[in-house]
Amino acid sequence: MPELPEVETIRRGLIQSILGRKIEKVIIRNPRLRWPIAEDLADDVPGHTVKGISRRGKYLLFHLTQEVHAKVEPYRITRQKHAKRRNLHVVNEHSEHVFNAVRGYETTVAYSSQETVILHLGMSGSLRVVPVTVVPEKHDHVDLVFDGGDCLRFRDPRRFGAIFKTSADPLTHPLLADLGPEPLGDTFSGEWLFKVSRNRRVAVKAFLMEGKVVVGLGNIYANEALFRAAILPSRPAGSISLPEYDTLAEAIRQTLQEAVDSGGTTLRDFFHSDGEPGYFRQRLCVYGRTGEPCPQCGRPIEQQRICQRSSFFCSHCQR
DNA sequence: ACGAAGCCCTGCAAGC
DNA sequence: TGCTTGCAGGGCTTCG
(Lines give C-alpha, C1' and ligand atoms only; values in the text may rest on other atoms or scores of the structure.)
Protein backbone atom coordinates (compact mmCIF):
# COMPACT_ATOMS: atom_id res chain seq x y z
CA MET A 1 0.00 0.00 0.00
CA PRO A 2 2.21 2.78 -1.16
CA GLU A 3 1.63 6.05 0.60
CA LEU A 4 3.81 9.13 0.30
CA PRO A 5 6.96 7.67 1.93
CA GLU A 6 6.81 4.59 -0.27
CA VAL A 7 6.33 6.62 -3.43
CA GLU A 8 9.15 8.94 -2.41
CA THR A 9 11.41 5.96 -1.74
CA ILE A 10 10.62 4.55 -5.16
CA ARG A 11 11.27 7.93 -6.77
CA ARG A 12 14.70 8.19 -5.20
CA GLY A 13 15.59 4.69 -6.31
CA LEU A 14 14.48 5.36 -9.85
CA ILE A 15 16.51 8.55 -10.09
CA GLN A 16 19.57 6.40 -9.46
CA SER A 17 18.65 3.86 -12.09
CA ILE A 18 16.78 5.43 -15.00
CA LEU A 19 17.59 9.14 -15.13
CA GLY A 20 18.97 10.02 -18.56
CA ARG A 21 17.77 6.78 -20.10
CA LYS A 22 16.10 6.82 -23.48
CA ILE A 23 12.82 4.99 -23.88
CA GLU A 24 12.74 2.84 -26.99
CA LYS A 25 9.26 1.45 -26.74
CA VAL A 26 6.33 0.98 -24.41
CA ILE A 27 4.84 -2.47 -23.99
CA ILE A 28 1.27 -2.60 -22.73
CA ARG A 29 0.18 -6.13 -21.89
CA ASN A 30 -2.99 -5.26 -20.07
CA PRO A 31 -4.48 -1.80 -20.53
CA ARG A 32 -7.23 -2.40 -18.01
CA LEU A 33 -6.01 -0.48 -15.00
CA ARG A 34 -8.05 2.02 -13.01
CA TRP A 35 -8.63 3.81 -16.29
CA PRO A 36 -7.87 2.06 -19.57
CA ILE A 37 -4.37 2.96 -20.72
CA ALA A 38 -4.65 5.33 -23.68
CA GLU A 39 -2.83 4.44 -26.86
CA ASP A 40 -0.89 7.70 -26.90
CA LEU A 41 1.35 6.29 -24.17
CA ALA A 42 2.84 3.76 -26.55
CA ASP A 43 2.61 6.13 -29.52
CA ASP A 44 4.17 9.32 -28.18
CA VAL A 45 6.61 8.31 -25.46
CA PRO A 46 9.22 6.27 -27.36
CA GLY A 47 12.22 8.34 -28.39
CA HIS A 48 12.06 10.45 -25.26
CA THR A 49 14.69 10.58 -22.54
CA VAL A 50 13.97 10.64 -18.80
CA LYS A 51 15.21 14.04 -17.69
CA GLY A 52 13.62 14.10 -14.25
CA ILE A 53 11.36 12.25 -11.84
CA SER A 54 9.23 14.16 -9.39
CA ARG A 55 6.31 13.42 -7.13
CA ARG A 56 3.03 15.11 -6.38
CA GLY A 57 1.24 13.41 -3.52
CA LYS A 58 1.26 9.74 -4.46
CA TYR A 59 1.64 10.45 -8.16
CA LEU A 60 5.02 9.82 -9.77
CA LEU A 61 5.87 12.18 -12.62
CA PHE A 62 8.39 11.10 -15.23
CA HIS A 63 9.54 14.19 -17.13
CA LEU A 64 10.57 13.28 -20.63
CA THR A 65 12.26 15.25 -23.35
CA GLN A 66 13.17 14.65 -26.95
CA GLU A 67 15.01 16.70 -29.53
CA VAL A 68 13.06 16.69 -32.73
CA HIS A 69 14.53 17.77 -36.04
CA ALA A 70 11.52 18.22 -38.21
CA LYS A 71 11.46 18.77 -41.94
CA VAL A 72 9.33 21.81 -42.44
CA GLU A 73 7.37 22.55 -45.54
CA PRO A 74 7.92 26.14 -46.63
CA TYR A 75 4.46 27.29 -45.78
CA ARG A 76 3.67 30.77 -44.62
CA ILE A 77 3.65 29.78 -41.02
CA THR A 78 5.70 30.91 -38.13
CA ARG A 79 7.90 28.64 -36.17
CA GLN A 80 5.79 29.20 -33.08
CA LYS A 81 2.57 28.31 -34.83
CA HIS A 82 4.18 25.27 -36.33
CA ALA A 83 5.34 24.20 -32.92
CA LYS A 84 1.95 24.81 -31.42
CA ARG A 85 0.26 22.69 -34.03
CA ARG A 86 2.55 19.83 -33.31
CA ASN A 87 2.45 20.43 -29.58
CA LEU A 88 6.18 20.99 -29.51
CA HIS A 89 8.33 23.58 -27.83
CA VAL A 90 10.73 25.63 -29.90
CA VAL A 91 14.31 25.16 -28.80
CA ASN A 92 16.23 27.47 -31.08
CA GLU A 93 14.79 30.91 -30.78
CA HIS A 94 15.63 32.31 -34.19
CA SER A 95 13.35 35.10 -35.11
CA GLU A 96 10.37 34.72 -37.31
CA HIS A 97 12.22 36.98 -39.71
CA VAL A 98 15.01 34.46 -40.13
CA PHE A 99 12.49 31.71 -40.61
CA ASN A 100 10.68 33.60 -43.29
CA ALA A 101 13.96 34.21 -45.02
CA VAL A 102 14.21 30.54 -45.86
CA ARG A 103 10.65 30.45 -47.03
CA GLY A 104 10.48 28.82 -50.37
CA TYR A 105 12.91 26.10 -49.42
CA GLU A 106 12.36 23.03 -47.33
CA THR A 107 14.21 23.42 -44.10
CA THR A 108 14.87 21.59 -40.87
CA VAL A 109 13.93 23.03 -37.52
CA ALA A 110 14.89 21.77 -34.07
CA TYR A 111 12.27 21.43 -31.36
CA SER A 112 12.18 19.75 -28.05
CA SER A 113 9.18 17.61 -27.32
CA GLN A 114 8.11 17.55 -23.68
CA GLU A 115 6.00 14.74 -22.31
CA THR A 116 5.19 13.68 -18.78
CA VAL A 117 4.25 10.16 -17.84
CA ILE A 118 2.07 10.22 -14.73
CA LEU A 119 1.86 7.05 -12.70
CA HIS A 120 -0.14 6.13 -9.62
CA LEU A 121 0.59 2.85 -7.88
CA GLY A 122 -2.88 2.49 -6.43
CA MET A 123 -2.88 -0.07 -3.68
CA SER A 124 -0.78 -2.85 -4.99
CA GLY A 125 1.36 -1.28 -7.68
CA SER A 126 5.12 -1.72 -7.80
CA LEU A 127 7.95 -0.75 -10.13
CA ARG A 128 11.07 -2.75 -10.89
CA VAL A 129 13.96 -2.16 -13.21
CA VAL A 130 14.73 -5.49 -14.84
CA PRO A 131 16.27 -6.77 -18.08
CA VAL A 132 13.55 -6.86 -20.67
CA THR A 133 14.39 -10.52 -21.23
CA VAL A 134 13.02 -11.42 -17.79
CA VAL A 135 9.75 -13.21 -18.45
CA PRO A 136 6.90 -11.00 -17.27
CA GLU A 137 4.59 -12.37 -14.63
CA LYS A 138 0.84 -12.39 -14.48
CA HIS A 139 0.32 -8.83 -13.28
CA ASP A 140 3.19 -7.12 -15.07
CA HIS A 141 1.03 -4.80 -17.13
CA VAL A 142 3.39 -2.20 -18.61
CA ASP A 143 7.09 -1.99 -19.57
CA LEU A 144 8.95 1.18 -20.46
CA VAL A 145 11.81 -0.35 -22.43
CA PHE A 146 15.11 1.56 -22.40
CA ASP A 147 17.79 1.51 -25.05
CA GLY A 148 20.18 -0.43 -22.85
CA GLY A 149 18.04 -3.57 -22.84
CA ASP A 150 16.37 -3.18 -19.47
CA CYS A 151 12.98 -1.79 -18.65
CA LEU A 152 10.86 -0.20 -15.98
CA ARG A 153 8.20 -2.80 -15.25
CA PHE A 154 4.88 -1.82 -13.69
CA ARG A 155 3.15 -4.57 -11.78
CA ASP A 156 -0.26 -4.08 -10.21
CA PRO A 157 -2.27 -7.15 -9.16
CA ARG A 158 -5.31 -5.25 -7.98
CA ARG A 159 -5.19 -2.80 -10.87
CA PHE A 160 -6.14 0.25 -8.83
CA GLY A 161 -3.13 1.98 -10.31
CA ALA A 162 -3.00 4.24 -13.33
CA ILE A 163 -0.55 5.36 -15.98
CA PHE A 164 -1.06 8.03 -18.59
CA LYS A 165 0.86 10.77 -20.33
CA THR A 166 0.34 14.45 -20.94
CA SER A 167 2.19 16.99 -23.04
CA ALA A 168 0.78 19.88 -21.02
CA ASP A 169 1.92 21.02 -17.58
CA PRO A 170 1.22 17.90 -15.50
CA LEU A 171 0.27 19.94 -12.45
CA THR A 172 -2.71 21.34 -14.36
CA HIS A 173 -4.02 17.87 -15.12
CA PRO A 174 -7.50 17.46 -13.60
CA LEU A 175 -6.31 14.68 -11.33
CA LEU A 176 -3.51 16.80 -9.90
CA ALA A 177 -4.76 20.36 -10.15
CA ASP A 178 -6.93 20.31 -7.01
CA LEU A 179 -4.55 18.47 -4.73
CA GLY A 180 -3.77 19.98 -1.35
CA PRO A 181 -0.34 20.92 0.02
CA GLU A 182 2.59 18.55 0.32
CA PRO A 183 2.84 17.55 3.99
CA LEU A 184 6.63 17.87 3.91
CA GLY A 185 6.50 21.20 2.11
CA ASP A 186 6.39 24.79 3.33
CA THR A 187 2.72 25.56 2.81
CA PHE A 188 1.46 22.75 5.03
CA SER A 189 0.69 23.81 8.60
CA GLY A 190 -1.69 23.45 11.50
CA GLU A 191 -3.13 26.77 10.48
CA TRP A 192 -4.03 25.36 7.06
CA LEU A 193 -5.68 22.29 8.59
CA PHE A 194 -7.60 24.48 10.98
CA LYS A 195 -8.74 26.76 8.19
CA VAL A 196 -10.07 24.06 5.85
CA SER A 197 -11.67 22.03 8.64
CA ARG A 198 -14.10 24.70 9.83
CA ASN A 199 -17.71 23.48 9.73
CA ARG A 200 -16.54 20.01 8.77
CA ARG A 201 -18.23 17.26 10.77
CA VAL A 202 -16.47 14.36 9.08
CA ALA A 203 -14.12 12.28 11.26
CA VAL A 204 -10.67 13.85 11.37
CA LYS A 205 -9.07 10.66 10.07
CA ALA A 206 -11.21 10.65 6.94
CA PHE A 207 -10.53 14.37 6.62
CA LEU A 208 -6.78 13.80 6.63
CA MET A 209 -7.12 11.27 3.85
CA GLU A 210 -8.83 13.73 1.52
CA GLY A 211 -6.43 14.78 -1.21
CA LYS A 212 -7.69 18.35 -1.15
CA VAL A 213 -6.74 18.72 2.51
CA VAL A 214 -3.25 17.24 2.32
CA VAL A 215 -1.71 14.77 -0.10
CA GLY A 216 0.05 11.50 0.54
CA LEU A 217 -1.61 10.38 3.75
CA GLY A 218 -3.16 6.94 3.50
CA ASN A 219 -4.73 4.80 6.14
CA ILE A 220 -1.48 3.73 7.79
CA TYR A 221 0.07 7.14 8.34
CA ALA A 222 -3.23 8.86 9.15
CA ASN A 223 -3.63 6.42 12.06
CA GLU A 224 -0.03 6.82 13.15
CA ALA A 225 -0.04 10.61 13.02
CA LEU A 226 -3.25 10.85 15.05
CA PHE A 227 -1.76 8.58 17.68
CA ARG A 228 1.31 10.80 17.89
CA ALA A 229 -0.83 13.89 18.18
CA ALA A 230 -3.01 12.21 20.85
CA ILE A 231 -6.21 12.90 18.89
CA LEU A 232 -9.00 10.35 18.51
CA PRO A 233 -9.57 9.49 14.83
CA SER A 234 -13.34 9.68 15.19
CA ARG A 235 -13.44 13.29 16.32
CA PRO A 236 -15.17 15.70 13.93
CA ALA A 237 -12.55 17.62 11.98
CA GLY A 238 -14.26 20.91 12.82
CA SER A 239 -14.05 20.28 16.57
CA ILE A 240 -10.28 20.33 16.69
CA SER A 241 -8.56 23.46 17.93
CA LEU A 242 -5.72 25.36 16.29
CA PRO A 243 -3.15 24.24 18.90
CA GLU A 244 -4.26 20.65 18.34
CA TYR A 245 -3.88 21.07 14.59
CA ASP A 246 -0.42 22.53 15.12
CA THR A 247 0.49 19.38 17.03
CA LEU A 248 -1.13 17.22 14.38
CA ALA A 249 0.65 18.91 11.48
CA GLU A 250 3.95 18.39 13.24
CA ALA A 251 3.05 14.76 13.95
CA ILE A 252 2.25 14.23 10.28
CA ARG A 253 5.57 15.73 9.23
CA GLN A 254 7.53 13.66 11.70
CA THR A 255 5.73 10.42 10.90
CA LEU A 256 6.19 10.82 7.16
CA GLN A 257 9.77 12.03 7.41
CA GLU A 258 10.76 9.10 9.62
CA ALA A 259 9.05 6.71 7.24
CA VAL A 260 10.90 8.23 4.29
CA ASP A 261 14.15 7.90 6.22
CA SER A 262 13.38 4.24 6.92
CA GLY A 263 12.62 3.55 3.28
CA GLY A 264 8.87 3.19 3.73
CA THR A 265 6.65 0.56 5.25
CA THR A 266 6.49 -2.96 3.86
CA LEU A 267 3.29 -4.77 4.69
CA ARG A 268 2.45 -7.11 1.85
CA ASP A 269 2.90 -5.38 -1.42
CA PHE A 270 5.56 -2.76 -1.08
CA PHE A 271 9.13 -3.25 -2.17
CA HIS A 272 11.65 -0.77 -3.48
CA SER A 273 12.51 -0.69 -7.15
CA ASP A 274 15.49 -2.88 -6.31
CA GLY A 275 13.28 -5.39 -4.49
CA GLU A 276 14.29 -4.44 -0.95
CA PRO A 277 11.55 -4.06 1.66
CA GLY A 278 10.99 -0.94 3.75
CA TYR A 279 11.77 -0.93 7.43
CA PHE A 280 9.16 1.36 8.94
CA ARG A 281 6.79 -1.44 9.87
CA GLN A 282 8.62 -2.15 13.11
CA ARG A 283 7.96 1.44 14.12
CA LEU A 284 4.20 1.50 13.65
CA CYS A 285 2.56 2.27 16.98
CA VAL A 286 -1.09 1.46 16.33
CA TYR A 287 -1.70 0.40 12.73
CA GLY A 288 -2.59 -3.29 12.54
CA ARG A 289 -1.95 -3.76 16.25
CA THR A 290 -5.47 -4.36 17.54
CA GLY A 291 -5.34 -5.85 21.04
CA GLU A 292 -1.62 -5.30 21.42
CA PRO A 293 -0.46 -3.01 24.23
CA CYS A 294 -0.30 0.71 23.51
CA PRO A 295 3.39 1.67 23.39
CA GLN A 296 2.69 4.55 25.76
CA CYS A 297 0.25 3.29 28.38
CA GLY A 298 0.08 -0.46 27.80
CA ARG A 299 -3.69 -0.62 27.39
CA PRO A 300 -4.89 -2.59 24.37
CA ILE A 301 -5.08 -0.86 20.98
CA GLU A 302 -8.66 -0.62 19.75
CA GLN A 303 -10.04 -0.88 16.26
CA GLN A 304 -13.05 0.86 14.76
CA ARG A 305 -14.35 1.38 11.25
CA ILE A 306 -14.49 5.02 10.27
CA CYS A 307 -15.75 5.87 6.80
CA GLN A 308 -15.27 2.31 5.57
CA ARG A 309 -11.66 2.19 6.74
CA SER A 310 -10.13 0.46 9.71
CA SER A 311 -8.89 2.82 12.34
CA PHE A 312 -6.55 1.96 15.18
CA PHE A 313 -6.15 3.99 18.33
CA CYS A 314 -5.66 4.05 22.07
CA SER A 315 -8.73 5.53 23.73
CA HIS A 316 -6.68 6.36 26.81
CA CYS A 317 -3.86 8.27 25.15
CA GLN A 318 -5.94 9.82 22.38
CA ARG A 319 -8.71 12.26 23.20
C1' DA B 1 -21.35 21.93 -0.28
C1' DC B 2 -21.10 18.09 2.40
C1' DG B 3 -20.98 13.23 3.86
C1' DA B 4 -21.55 8.57 3.09
C1' DA B 5 -21.62 4.76 0.22
C1' DG B 6 -20.34 2.46 -4.05
C1' DC B 7 -17.19 0.91 -7.19
C1' DC B 8 -13.06 -0.89 -9.40
C1' DC B 9 -9.90 -5.57 -8.46
C1' DT B 10 -7.18 -9.57 -6.69
C1' DG B 11 -4.88 -12.05 -3.02
C1' DC B 12 -5.15 -13.73 1.20
C1' DA B 13 -7.12 -15.61 5.42
C1' DA B 14 -10.71 -17.42 8.00
C1' DG B 15 -14.62 -20.32 8.33
C1' DC B 16 -17.32 -24.13 6.90
C1' DT C 1 -8.85 -30.44 0.76
C1' DG C 2 -11.77 -27.30 -1.49
C1' DC C 3 -15.10 -24.17 -1.49
C1' DT C 4 -17.28 -19.58 -0.03
C1' DT C 5 -17.05 -15.30 2.24
C1' DG C 6 -15.07 -11.17 3.92
C1' DC C 7 -11.62 -7.94 4.03
C1' DA C 8 -7.95 -4.84 2.60
C1' DG C 9 -6.93 -0.53 0.19
C1' DG C 10 -6.90 4.75 -2.91
C1' DG C 11 -9.57 7.75 -4.77
C1' DC C 12 -12.91 8.92 -8.15
C1' DT C 13 -17.97 8.80 -8.77
C1' DT C 14 -22.61 8.71 -7.46
C1' DC C 15 -26.31 9.38 -4.44
C1' DG C 16 -28.92 11.49 -0.71
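Reminder, nothing fancy here: chain letters follow the sequence lines and each chain counts from 1. Not measured: the values here are computed from a predicted model.
- Rounded to a whole Å, the CE atom of A:M123 is 12 Å from the P atom of B:dC12.
- In this entry the distance linking CD of A:E210 with C1' of C:dG11 reads 11 Å, nearest Å.
- Regarding A:R159, its CZ atom lies at a distance of 19 Å from the P atom of C:dG10, rounded to whole Å.
- Dashed line: the shortest gap from a side-chain N or O of A:S310 to OP1 or OP2 of C:dA8 is under 4.0 Å.
- When heavy atoms are screened at a 4.0 angstrom cut-off, A:Q308 is found touching the sugar-phosphate backbone but no base atom.
- Scored by the salt bridge (Lys or Arg N to Asp or Glu O under 4.0 Å) test, A:R299 finds no partners at all (sequence neighbours excluded).
- The side chain of A:R201 has B:dG3 as its nearest neighbour among B:dG3, B:dT10, C:dG10.
- Between the CE atom of A:M209 and the P atom of B:dA4 there is a distance of 14 Å, rounded to whole Å.
- Of the candidate nucleotides C:dG9, C:dG11, B:dG3, C:dG9 has the atom nearest to the side chain of A:F160.
- One can find a donor-acceptor pair under 3.5 Å joining the base of C:dG11 and the side-chain atoms of A:R309.
- When the nucleotides B:dC9, C:dC12, C:dG9 are ranked by their closest atom to the side chain of A:L175, C:dC12 comes out on top.
- Applying the 4.0 Å criterion to OP1 and OP2 of C:dG10, one finds that A:Y221 has every side-chain N and O outside that range.
- Not one N or O on the side chain of A:D178 forms a donor-acceptor pair closer than 3.5 Å with the backbone of A:K212.
- Here A:R159 pairs with nothing under the salt bridge (Lys or Arg N to Asp or Glu O under 4.0 Å) rule; sequence neighbours left out.
- Here the P atom of nucleotide C:dG11 and the CD atom of A:E3 are 9 Å apart, to the nearest Å.
- Every residue two or more places apart in sequence or in another chain that forms a side chain to side chain donor-acceptor pair (under 3.5 Å) with A:S311 is listed here: A:K205.
- A cation-pi arrangement is present between A:R198 and A:F194 under the rule of less than 6.0 angstrom and at most 45 degrees off the ring axis.
- Residue A:H139 places none of its side-chain N or O atoms closer than 4.0 Å to OP1 or OP2 of B:dT10.
- For the salt bridge (Lys or Arg N to Asp or Glu O under 4.0 Å) test, residues two or more places apart in sequence or in another chain that qualify with A:E244 are A:R235.
- Comparing atom distances between the A:R158 side chain and each of B:dA5, C:dC12, B:dT10 picks out B:dT10 as nearest.
- Computed from C1' positions of five pairs at each end, the angle between the two local axes of the helix from B:dC2-C:dG16 to B:dC16-C:dG2 equals 50°, rounded to 10 degrees.
- Between the CG atom of A:L121 and the P atom of C:dC12 there is a distance of 15 Å, given to the nearest Å.
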Return all side-chain donor-acceptor pairs below 3.5 angstrom for residues 33-43 of chain A, not counting sequence neighbours, or 'none' if the list is empty.
none

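- No contact: A:F207 has no heavy atom under 4.0 Å from any strand.
- Relative ring orientation between A:F207 and A:Y245 is described as tilted, the plane-to-plane angle lying within the 30° to 60° band.
- Rounded to whole Å, the distance from CD1 on A:I118 to P on C:dG10 is 20 Å.
- Within 4.0 Å (heavy atoms only), A:R34 reaches at least one base atom of the nucleic acid.
- The distance from atom CD1 of A:I306 to atom C1' of C:dC7 is 17 Å, rounded to the nearest whole Å.
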